[in-house]
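Notes follow once the structure below has been shown.
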Number of protein chains: 2
Amino acid sequence: MENLNKVFAALSDETRRAILGQLMQGEARLSDLAAPFNMTQTAVSKHVRVLSDAGLLVMEKRGRTRHCRLNATGMKDASDWLADYQTFWTRQFDNLAQHLIEEGH
Amino acid sequence: MENLNKVFAALSDETRRAILGQLMQGEARLSDLAAPFNMTQTAVSKHVRVLSDAGLLVMEKRGRTRHCRLNATGMKDASDWLADYQTFWTRQFDNLAQHLIEEGH
DNA sequence: TTGTTACCGAACCATATGGTTGACTATATA
DNA sequence: TATATAGTCAACCATATGGTTCGGTAACAA
């Protein structure tokens, strides 16, 4: 999937993950999103655009403000991709546990 | 988590995801991993190092070859982080489905 | 011993990324 | 009307990233 590049790249930044965390509380204006960070609103605006391009949030223009809220699709792309590997590592952990049990630890 | 940056950044590259896909089939030498790609082995070696730093694979020196295999920990970091949002978007989808049902569609 | 294989490391290059400032547009408020 | 607010856009900067080439080293094979 081409979009996986954008999704994972978007998630690889601390600031952007924090923005998504804020949006878990509900929708927020761009200036609200920018407030907690020690950087210009322009910088936050760029981060929001990256998240938007990755399908992780949606923006809605409302008067002179711009409201953002979480979007499921991007997160679902990442989650679906990881699912295959989840079965792998749960099996790996199970094997480890079984191994420890058989050794009597 | 500091390591989440590395994990998601590592996953944001097509080549690196393909390498992980190869390792799903089992362990492989670096030269085997490099074979399918249209790039130098040095480039692939760099990708492998990125994956290793992110805790997504482990390398073992064996003679003059270097064997790689999947490592669960990095993938688990990403999966754990996503889990919170999974509950969010499954709820979001459920709400959408409920909405459509109530409208009689 | 003489290659050959498998890999590393350093230097280099083009482009992407995360940040800034400054000028601008559009909307609300006095 | 004038002014403040919310946000965009373009230019710029430093550093990171993904790739290359070249030279070196350790391990195996002839």
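Just so it is clear, the model here is predicted, and its values are computed rather than measured. Every chain is numbered from 1 and lettered A, B, ... according to where its sequence line falls, protein lines coming before strand lines.
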Name the pairs: protein N/O against N/O of nucleotides 27-30 of chain C, kept only if under 3.5 Å.
{"from": "dT27(C)", "atom 1": "O2", "to": "Arg64(A)", "atom 2": "NH1", "distance (Å)": "3.1"}

Exercise. Charged N to carboxylate O under 4.0 angstrom, Glu27(A) versus Arg62(A)?
Worked result: yes

Problem set entry | ring pair (Phe, Tyr, Trp, His ring centres under 6.0 Å) pairs, two or more places apart, involving residues 35-67 of chain B | none

Seminar exercise, completed: Residue pairs meeting salt bridge (charged side-chain N to carboxylate O under 4.0 Å, His left out), one or both in residues 36-49 of chain A, sequence neighbours left out, come to none

Within the sub-3.5 Å range, which N or O atoms of nucleotides 8-15 of chain D have a protein N or O partner, and how far apart are they?
{"from": "dT8(D)", "atom 1": "OP2", "to": "Ser45(A)", "atom 2": "OG", "distance (Å)": "2.5"}

Exercise. Nearest to the side chain of Thr65(B) - dC7(C), dG18(C), dA6(D)?
Worked result: dC7(C)

Exercise. Can you name the salt bridge (charged side-chain N to carboxylate O under 4.0 Å, His left out) partners of Asp80(A), sequence neighbours left out?
Worked result: Lys76(A)

For this session: Name all residues meeting the salt bridge (charged side-chain N to carboxylate O under 4.0 Å, His left out) criterion together with Asp84(B); count only those two or more places apart in sequence or in a different chain, and write none if there are none.
Result: none

Exercise. Do any N or O atoms from the side chain of Ser12(B) and from the backbone of Asn5(A) form a donor-acceptor pair under 3.5 angstrom?
Worked result: no

Exercise. Would you say a side-chain N or O of Arg16(A) is under 4.0 Å from OP1 or OP2 of dG18(C)?
Worked result: yes

Problem set entry | Close side-chain approach of Leu11(B) and Leu56(B), heavy atoms under 4.5 Å | yes

Seminar exercise, completed: Ranking dG7(D), dG18(D), dT20(C) by distance to the side chain of Ala43(A), first place goes to dT20(C)

Exercise. Does a nitrogen or oxygen in the side chain of Ser31(B) sit under 4.0 Å from OP1 or OP2 of dC7(C)?
Worked result: yes

